[in-house]
Amino acid sequence: MSDPVIEIKDLWFSFNAIPVLKEVNLRVNRGDFVALLGPNGGGKTTLLKLMLGLLKPDRGSILVFGEPPGETSHRIGYTPQHVHFNQSFPISVLDAVLMGRLRPGRGWSRYTRKDKMAAQKALERVEMWEYRNRRIGELSGGQAQRIFIARALVDEPEALFLDEPTASVDTKHQTDLFDILKELNETVTILVVSHDVGIVSTHVKSVACVNQQVFSHDDSEITKEMLEMAYQCCPVELVAHGLPHRVLQKHEEE
Amino acid sequence: MLELLQFEFMRNALLAGLLASIACGIIGTFVVVNRIVFLSGGIAHAAYGGIGLAFFFGLPYVVGTMGFALLVAVVMATVTLKARHRSDTIIGVLWAVGMALGVILLDLAPGYNVDLMSFLFGSILTVPTVDLWFMLALDSVILFAVGYFYNDFLALSYDEDFAQVRGVRVRLLYFLLLAMVALSVVMLIRIVGLILVIALLTIPPYIAEKYCGSLKIMMSISFILSASFTLVGLYLSYKFNLTSGATIIIVAGACFFISLLVEFLKSKRPFSA
């Protein structure tokens, strides 16, 4: 199980001459369930977009499934962070999910029966099938987020990249979502971006902290240090909430 | 109204209106949902530089204008892809410089004076039959390209990042879309005028958008609205002896404000469903 899905070596990225990520090294193996934690502006979403080939690094290399990102991105199920970016757009729930069945160079060919059955299955999985003919813009943020998760699942991806998938989802559906993810993780590699330390800690297998640099932790225990980094304020008291009190070693700066 | 059809210029005007409505319905829908109204206005106005070039160098109108509009569209596509947050300024500059270039070239052009009014409001009543064939050809190209890439264009318009992740060639399609905007604008300017092009590109899709569940339906309804505005406008302009292009715009504009009013009244009664 050490077959790498993602291999990042010495990656640097800046935006308008402001450094966003520096000397990032990260390896995600097949079957991993990784959470990317970190403060707002720490570069989590940027890192995800680099791995999808939506942004190009200034320096360093990224390989996804052993190839440059972008070449293989259709094998990844992806949900963006914001779900109501285009609220007045006339598109039904079903059509939005079918978008996840697009392939490179599809041309004339229309969605087949197989595509539609896959869309139904994906929508049933997130309990949104009955909304299939509604316009996405009419749904609540949490409902729309579940549609986007269905869109990410509809093509049976080998990996899932989810950017804040639970940001506006209620507690019941947060738990449901992570149950679905846990089940999928038997065959699918998962990467979740989050700033919600609590939700993630009980479900993922490992954690990578992203704040310009990336520090990987091989288990999912949330440390005081991670919280401090995630919330970037005064030292955090680790009390209650079922969080473990064990403190990992300090990140080794080179 | 039927007696109007005895005149060839009226038959041509009606056909021109219908053919223009096909391009406006399809391309206008993309212009509205992709929020490139300003950019399309920029291409249309800058195309005036192409008219100037055509007259100054004695080129055929279509060659000069289309060539220049396509060039402007490519520049604008490149700029908007590279620097989105500054693109509106650059579009504004190209808009003004293109027009100024056109005006100066026409000043310098030997012994020919083009009426700016006919460029702004067109001359739908003097459309020659050959232009109808041009429009038919253009509509066919648009129908084919949009039909072929429909799902890709839908994904690009709704969620560009996701489209790219799925392997849709978003840059290529974006250039293709702006090229189609340029072609539509150029073909329609001489017939319905620059102002009418922008009005027909944006008003019908804007009204249609609120009532449509898909892009396809939005395009169809936009076509029907656009054709209706043109027919009603033409009839009123004949009946009351008014400038046809401007009358069509007034009809479209009136419906636009009625749709806003309807929407406003609906929002005042949230529980009436």
Side-chain angles (χ1 to χ4, degrees), chain A residues 16 45 48-49 51-55 64 69-111 115 132-138 148 151-152 154-155 157 159 161 163, chain B residues 25 28-36 81-86 143-173 176 204-222 263 270 273:
Chain A
N16 287 343
T45 297
L48 208 63
K49 288 193 169 178
M51 291 191 277
L52 287 165
L54 295 173
L55 297 170
V64 181
E71 309 269 317
T72 49
S73 59
H74 60 279
R75 290 158 67 183
I76 298 162
Y78 163 63
T79 63
Q81 184 175 1
H82 302 289
V83 290
H84 276 330
F85 46 81
N86 216 342
Q87 201 155 5
S88 60
F89 198 97
I91 185 168
S92 69
V93 164
L94 186 60
D95 283 346
V97 173
L98 280 169
M99 204 176 277
R101 298 286 286 191
L102 280 174
R103 299 271 166 74
R106 188 162 178 141
W108 270 127
S109 67
R110 291 295 175 254
Y111 295 120
D115 292 327
R132 62 190 173 278
N133 294 323
R134 293 274 291 275
R135 264 172 78 145
I136 282 206
E138 296 168 6
F148 280 60
R151 186 178 71 166
V154 72
D155 202 33
F161 289 6
D163 198 347
Chain B
T29 293
F30 283 125
V31 166
V32 168
V33 299
N34 281 292
R35 298 182 196 130
I36 50 172
L81 282 172
K82 286 251 179 236
R84 260 156 220 260
H85 46 293
R86 273 285 163 267
L143 279 169
F144 179 82
V146 173
Y148 188 80
F149 289 114
Y150 179 77
N151 287 324
D152 296 325
F153 271 126
L154 172 63
L156 166 72
S157 306
Y158 181 61
D159 187 347
E160 191 187 324
D161 277 358
F162 189 82
Q164 192 176 339
V165 168
R166 293 305 310 166
V168 173
R169 281 163 298 174
V170 292
R171 293 178 66 89
L172 183 76
L173 286 181
L176 179 61
Y206 181 86
I207 298 174
E209 189 179 39
K210 292 187 280 289
Y211 307 102
C212 296
S214 79
L215 224 47
K216 265 184 246 179
I217 299 174
M218 185 170 160
M219 289 171 182
S220 315
I221 294 186
S222 302
E263 201 186 348

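Per chain, numbering begins at 1; letters A, B, ... match sequence-line order. Values in this document were obtained by computation on a predicted structure and should not be read as measured data.
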Are A:Asp155 and A:Arg103 close enough, and set up right, to give a salt bridge (Lys or Arg N to Asp or Glu O under 4.0 Å), and what steps lead you there? CA-CA 10 Å; A:Asp155 202 33; A:Arg103 299 271 166 74; 2.7 Å; yes
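- In this pair, B:Phe149 and B:Phe153 present their aromatic rings perpendicular. The plane angle is above 60°, beyond the 30 to 60° band.
- In this structure, chain B has no heavy atom under 4.5 Å from any part of A:Phe161.
- When each of A:His74, A:Glu71, A:Arg151 is checked for heavy-atom pairs under 4.5 Å with chain B, A:Arg151 comes out on top.
- Applying the side chain to side chain donor-acceptor pair (under 3.5 Å) test to B:Arg171 and every residue at least two apart in sequence or in another chain returns nothing.
- No side-chain heavy atom of A:Arg132 sits less than 4.5 Å from a side-chain heavy atom of A:Val97.
- Residue A:Ile136 touches chain B through its side chain alone, counting heavy-atom pairs closer than 4.5 Å.
- Neither the backbone nor the side chain of A:Asn133 comes within contact range of chain B; no heavy atom of the residue lies under 4.5 Å from a heavy atom of that chain.
- Considering only heavy-atom pairs separated by less than 4.5 Å from chain A, the leading option among B:Arg35, B:Lys210, B:Arg166, B:Glu209 is B:Arg166.
- The part of A:Ile76 that comes within reach of chain B is its backbone (N, CA, C, O), which places non-hydrogen atoms under 4.5 angstrom from that chain.
- Residues satisfying the side chain to side chain donor-acceptor pair (under 3.5 Å) test with A:Gln81, not counting sequence neighbours, are A:Thr45.
- Note that the OH atom of A:Tyr111 and the CG atom of A:Leu102 stand 3.5 Å from one another [nearest 0.5 Å].
- A side-chain contact (heavy atoms from CB on, under 4.5 Å) with B:Asp152 holds for exactly one of B:Val170, B:Leu172, B:Val168; it is B:Val168.
- Scored by the side chain to side chain donor-acceptor pair (under 3.5 Å) test, A:Gln87 finds no partners at all (sequence neighbours excluded).
- Annotation: side chain of A:Pro90 is in contact with side chain of A:Arg135 (closest heavy-atom distance under 4.5 Å).
- By number of non-hydrogen pairs under 4.5 angstrom with chain A, the leading residue of B:Thr29, B:Leu154, B:Asp161, B:Val32 is B:Asp161.
- Using non-hydrogen atoms only and a strict 4.5 Å limit, the part of residues 211-218 of chain B facing chain A consists of B:Tyr211, B:Cys212, B:Gly213, B:Ser214, B:Leu215, B:Met218.
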